Amino acid sequence: MSSKQHNPIPKIVVVGGGAGGLELVTRLGNSLGRRGEAEITLVDCSKTHVWKPLLHEVAAGTLDSHEDELEYLAQANTNHFRFILGRMQGLDGQAKTIRLAPILDSVGAVLVPVRDVRYDILVMAVGSVCNDYGIKGVAEHCMFLDTTEQAERFQERLMEEYVRAHVTKGKLEVVIIGGGATGIELAAQLHEVSHLLNTYGLDRVKPADVKLSIVEASPRLLPELPARLSDATLRELHKLGVDVLLKQRVVEVSPAGVKTDSGQVIPGRIKVWAAGIKAPDFMKTLGLETNRANQLVVRPTLQSSGDDGIFAIGDCAACPWPERNGQVPPRAQSAHQMADLVHDNILRQLKGRGLKEYRYRDYGSLVSLGKFSTVGNLMGGLGGSLMIEGFVARMVYLSLYKMHQLALFGVFRVGMLTLSHFFRRSVHPKIKLH
Ligand SMILES: Cc1cc2nc3c(=O)[nH]c(=O)nc-3n(C[C@H](O)[C@H](O)[C@H](O)COP(=O)(O)OP(=O)(O)OC[C@H]3O[C@@H](n4cnc5c(N)ncnc54)[C@H](O)[C@@H]3O)c2cc1C
């Protein structure tokens, strides 16, 4: 046996390099990994990372995903962790291994067979996917924004429909199901696109020919946020000409459009499902406690309910939020905070010290309505809430992404990235045109 196999340093495996997982693995690499005190591994089914809250911009074409993507291998190389490309499909809690599905080549033959990866500490950070609740026609006829590939596919479809409307002098109808932040932000971006494409030559499709609808089952938009925010968002959407249908539960989706429980049919060649999330289905097969949305049930230390060596963070964790008598919401800010806590808890666990408990700090929510407006509330958890709108809200919204970049790259490189982004924008079109 080689000395490597006897290596006594603990193996820490983080599955999922998203908003939470990539920040965590970068911090662990720069603490334990750099000092040779642990072997840190990131497993992700994709080769690159794009911060998920940007996906509606990728879908609309106002952001080219290749401009903002990060190569996991490069991040691993500079931050003292290793990267394994693979999709986790199983867990053996006794043997302390995770199982990765085979990787297929471009013609469907096995390129890399099934593999097992050993861990001493495992962190699940696999995020979430859209939950279609089994509604008829959703899986077949709706588009989703769970991954960069899906967002890019949406953008291609959008351009095709624009060309079709341009050639036939017809209308373009997009129906967005779900009046949460994702659906609203997408509608605002698509409105912006209708103006931009007009100036780039598709001038037979006027902004008024693009009909955007949001269908929401609740009596108001953003049901989980304060009513004042819902009202402000509704006003802004009306200004943009977006049709908002409230108290309409979707019961069926067909190629032609969306049918609701009131019998109304909203026509649309493009339908987007943005109404609710669940953790990936394989999570419920791991032999660990999960809830109805496949999320791993965790204790306040973010350890799974049944195994001290397994943590979960971000959208795939069902974490209690006692102050609200509910569960921590699936947001980038929760994933960021959980990554911080689990970093500290892993260090404590390795030193045999007691673990800290996670307490979600709700710094508020912001909804970007494209370049036109941003509305939001701040300090939601600090005993009150402060409504902000317009320029200030836009700046705070943009700072969320900067915080993620800071966690990954540090101050100097974020400064350089911001400068290069500024110069690139001055020579590139404001929208992806192909
Ligand atoms: C369009 C859109 C807009 C949003 N806007 C906001 C916003 O403005 N503010 C906000 O707070 N939140 C926003 N969110 C929600 C936010 O993106 C998520 O809450 C956040 O990304 C969750 O982080 P995470 O680390 O749990 O998972 P993710 O960031 O989703 O990362 C999960 C990672 O796991 C990998 N993975 C998945 N399955 C496997 C597997 N089986 N094996 C290996 N790897 C796997 C994926 O490739 C991915 O890299 C938005 C979401 C969307 C879709």
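Keep in mind it's a predicted model, so treat the numbers as computed, not measured. Below, each value reflects all heavy atoms present in this structure, side chains not excepted, and no hydrogens, waters or symmetry copies. Ligands are counted one by one from 1 in listed order, and the atoms in each one are counted from 1 as well.
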Does an N or O from [X], backbone or side chain, lie closer than 3.5 Å to an N or O of ligand 1?
X: Ala332; answer: yes
X: Met88; answer: yes
X: Ser128; answer: no
X: Pro330; answer: yes
X: Ala19; answer: yes
X: Gly314; answer: no

Counting heavy atoms only, which part of [X] comes closer than 4.0 Å to ligand 1: side chain, backbone, both or neither?
X: Gln333; result: backbone
X: Ala335; result: side chain
X: Leu186; result: neither
X: Trp51; result: neither

Report the nearest protein non-hydrogen atom to [atom]: residue, atom name, distance rounded to 0.1 Å.
atom: atom 30 (O) of ligand 1; answer: Lys52 CD, 3.3 Å
atom: atom 25 (O) of ligand 1; answer: Gly20 N, 2.8 Å
atom: atom 34 (O) of ligand 1; answer: Gly16 CA, 3.3 Å
atom: atom 3 (C) of ligand 1; answer: Pro53 CA, 3.6 Å
atom: atom 27 (O) of ligand 1; answer: Gly127 CA, 3.2 Å
atom: atom 35 (C) of ligand 1; answer: Asp44 OD2, 3.2 Å
atom: atom 38 (N) of ligand 1; answer: Val126 CB, 3.7 Å

- Under 4.0 Å from a heavy atom of Ala125: give me the atoms of ligand 1 that qualify, with their elements.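 Counting from 1, the qualifying ligand atoms are 32 (C), 33 (C), 34 (O).
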- Query: In terms of atom number and element, which parts of ligand 1 are under 4.0 angstrom from non-hydrogen atoms of Cys45?
  - Reply: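 This gives 36 (N), 39 (C), 43 (C), 44 (N), 45 (C), 47 (O) as the contact atoms.
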With no hydrogens and no angle check, just 3.5 Å: does a side-chain donor-acceptor pair link [X] and [Y]?
X: Gln337; Y: Tyr360; answer: no
X: Ser65; Y: Glu152; answer: yes
X: Ser305; Y: Glu289; answer: yes

- Message: Counting only heavy atoms, tell me which of Leu145, Thr182, Ile277 gets closest to atom 51 (C) of ligand 1.
- Response: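 That would be Thr182.
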- For atom 19 (O) of ligand 1, which of Asp315, Leu22, Leu400 has the closest heavy atom?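 It is Asp315 that holds the nearest heavy atom.
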Against ligand 1, does [X] come closer than 4.0 Å with any heavy atom?
X: Tyr72; answer: yes
X: Arg87; answer: yes
X: Ala151; answer: no

- Item | Lys211 atom NZ, over 12 foreign heavy atoms within 6.0 Å |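 Counting other residues, nucleotides and ligands, NZ of Lys211 exceeds 12 neighbours.
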- Query: Does atom NZ of Lys402 have more than 12 heavy-atom neighbours, drawn from other residues, nucleotides or ligands, at distances under 6.0 Å?
  - Reply: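 Yes, the 6.0 Å shell around NZ holds more than 12 heavy atoms from other groups.
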- Query: For the side chain to side chain contact (heavy atoms under 4.5 Å, CB included) test, which of Ile98, Val117, Thr97 pairs with Leu122?
  - Reply: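 Checked Ile98, Val117, Thr97 against Leu122; only one passes side chain to side chain contact (heavy atoms under 4.5 Å, CB included): Ile98.
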- Of all residues at least two apart in sequence or in a different chain, which pass the side-chain hydrogen bond (donor to acceptor under 3.5 Å, both in side chains) check with Lys278?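 Counting only residues at least two positions away or on another chain, Lys278 forms a side-chain hydrogen bond (donor to acceptor under 3.5 Å, both in side chains) with Asp281.
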- By side-chain hydrogen bond (donor to acceptor under 3.5 Å, both in side chains) - contacts of Thr233 (at least two apart):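 Thr233 satisfies side-chain hydrogen bond (donor to acceptor under 3.5 Å, both in side chains) with no other residue.
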- Residues Glu149, Arg153; criterion salt bridge (Lys or Arg N to Asp or Glu O under 4.0 Å); working and verdict: CA-CA 6 Å; Glu149 292 71 32; Arg153 175 73 199 110; over 6 Å; no
- Query: Should the pair Tyr72 and His49 be assigned to parallel (<30°), tilted (30 to 60°) or perpendicular (>60°) ring geometry?
  - Reply: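 Rings of Tyr72 and His49: tilted, as their planes differ by 30° to 60°.
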- Test item: protein heavy atom less than 4.0 Å from atom 9 (N) of ligand 1: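 No, there is no protein heavy atom closer to it than 4.0 Å.
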